[in-house]
Amino acid sequence: MDTLLEKTDLFVSDLFEKKLSEKCIYHNYTHTKRVFKSTKEIIDNITISDEDKQALLLAVLLHDTGYCESQQQHEEHSVNIASEFLLKQDIHQKIIQQVSRLIMATKMDHEPIDLVEKIIRDADASHLAKDYFKETSEFLRQEFKLNNIKDYSREEWLKVNIDFLQNKHQYYTDYAKTYWTPKKEEHLTQIKNEQIKIKKKKKKEKLKKMVKEESPEKGIQTVFRVTLRNHLKLSDIADTKANILLSVNAIIISLALSNLIPKLDNPSNSYLIIPTIIFIIFSVASMMLSVLATRPNVTSGEFTRKEIEEKKVNLLFFGNFHKMPLPEYTWAMHELMEDKEYIYNTMIKDLYFLGKVLHRKYKILRITYSVFMIGIITSVIAFVIAFNTLQ
């Protein structure tokens, strides 16, 4: 690097350090040096005059200095800064004009008119074909956000990059077309793939959210599961209570038959006849009621296709299909599973009739306990009266 380029490099470095906003995390000295390196890469592989080389390298070093003044029209500010600096270095006006023209050529909407403009345009966009593309792209997005230019989401930024690389950008020099375009296309493919992944993920999350919001399947299943479990538990409790009463009354009758009945043959024990009969009657009545509480209802176990089509059969209760052949039951279940409304109605019917059975069981059990309690009290009173009469 000759003396003038060294001075220019030092000037730019010092200017950025003192005046460049910390919000410029892309357009800074690092970017400038990368563009400088890319410019040298191109001019080292093509034939170009020394004068043009010098003007190009000076323009590259100075092309983003305008960001120290403003984000808006920074090219014009860069030209002013560059002109002022080069004048102080006693640089010929022709070179200053060439540098100024090249700086203005870095505008996005400018179409290069000669080789030097093509070179600086390609070098300024060389990051599109470099390994640090993703890093610089993210820095640029954050710079837009920090400077209140535009706050792009990740998905929006991918879309902007795809449009830029695919439709708005091109390399102009033969060197860039040959060596940089393939890498740029590779980055474009990577961005497109990332965009597809984000869209798929977003679609999946949207579908998941819709299912969660619009279809309360999990809540419905929980309601049915908990209610069914409670019904079965209550049914087990009722059966247990009935069995307890059966066992107690069976023991009572056994004791009565083995101890009281033989004594009734003796005329002297005739006073025990009525209390014993009362005792046994109430015990037998309690046993009968206990049996009624647990006795299952007999159902036909058959259904017709018309009943299935009219959605009248509860296929979840074995009593409605135990006599049906397997093919018919399989067909009926497929009909049930294909109709969501039929499934819910069937489950509702199943819970409803389980509730009716529970009501019947507990009603009979209540009567049974009442009969058992009245029987015990009445029997005790009868035995007390009988013993008092004897005395």
Is the closest side-chain donor-acceptor distance between [X] and [Y] under 3.5 Å?
X      : Y      : value
Gln190 : Glu194 : no
Asn80  : Glu69  : no
Lys177 : Gln170 : no
His187 : Lys134 : no

For residues [X] and [Y], report the shortest heavy-atom separation together with the two atoms involved.
X      : Y      : value
Thr65  : Leu61  : CG2-O, 4.2 Å
Asp151 : Glu156 : O-OE1, 3.8 Å
Leu365 : Ala238 : CD1-O, 3.4 Å
Gln98  : Ala55  : CG-CB, 3.3 Å
Leu62  : Ala82  : CD1-CB, 3.6 Å
Ile120 : Ala59  : CD1-CB, 3.9 Å

Cationic tip of Lys33 above Phe36 ring, under 6.0 Å, 45° of axis:
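Cation-pi check for Lys33 and Phe36: passes.
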- Aromatic Tyr171 / basic Lys184 pairing, under 6.0 angstrom, 45° off normal: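 Yes - Lys184 lies over the ring of Tyr171, closer than 6.0 Å to its centre and within 45° of its axis.
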Distance (rounded to the nearest 0.5 Å) between [X] [atom1] and [Y] [atom2]:
X      : Y      : atom1 : atom2 : result
Gln89  : Ile96  : CD    : CD1   : 10.0 Å
Ser235 : Asn230 : OG    : CG    : 12.5 Å
Thr227 : Leu354 : OG1   : CG    : 10.5 Å

Indicate yes or no: does [X] engage [Y] in a salt bridge with an N to O separation below 4.0 Å.
X      : Y      : result
Lys107 : Glu76  : yes
Lys183 : Asp131 : yes
Asp163 : Lys159 : no
Lys23  : Glu143 : no
Glu135 : Lys130 : no
Lys168 : Asp109 : no

message: Please report whether the ring centroid of His127 lies less than 6.0 Å from that of Tyr132.
response: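 No, the ring of Tyr132 stays outside the 6.0 Å limit from the ring of His127, centre to centre.
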Are His31 and His63 an aromatic pair, judged by ring center distance below 6.0 Å?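 Distance test on ring centres: under 6.0 Å, yes.
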Do the ring planes of [X] and [Y] sit parallel (below 30°), tilted (30 to 60°) or perpendicular (above 60°)?
X      : Y      : answer
Trp180 : Tyr175 : perpendicular
Trp157 : Phe144 : perpendicular
Tyr29  : Phe16  : perpendicular

Is a side-chain donor or acceptor of [X] paired with a backbone partner of [Y] at a separation under 3.5 angstrom?
X      : Y      : answer
Asn345 : Glu341 : yes
Thr32  : Asn28  : yes
Thr181 : Thr178 : no
Asn147 : Ile149 : no
Asn249 : Leu245 : yes
Ser126 : Asp122 : no

Against Asp124, only a single residue in Ile119, Val60, Val35 fulfils side chain to side chain contact (heavy atoms under 4.5 Å, CB included); can you say which?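 Only match with Asp124 under side chain to side chain contact (heavy atoms under 4.5 Å, CB included): Val35.
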Check: If two hydrophobic side chains count as joined below 4.5 Å and joins carry through other members, does Leu128 share a cluster with Ile42?
Finding: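 Yes, Leu128 connects to Ile42 through the hydrophobic network.
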Test of understanding: clusters of I, L, V, M, F, W, Y form through side-chain heavy atoms closer than 4.5 Å, transitively. Do Leu5 and Ile43 belong to the same one?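 Both belong to a single hydrophobic cluster.
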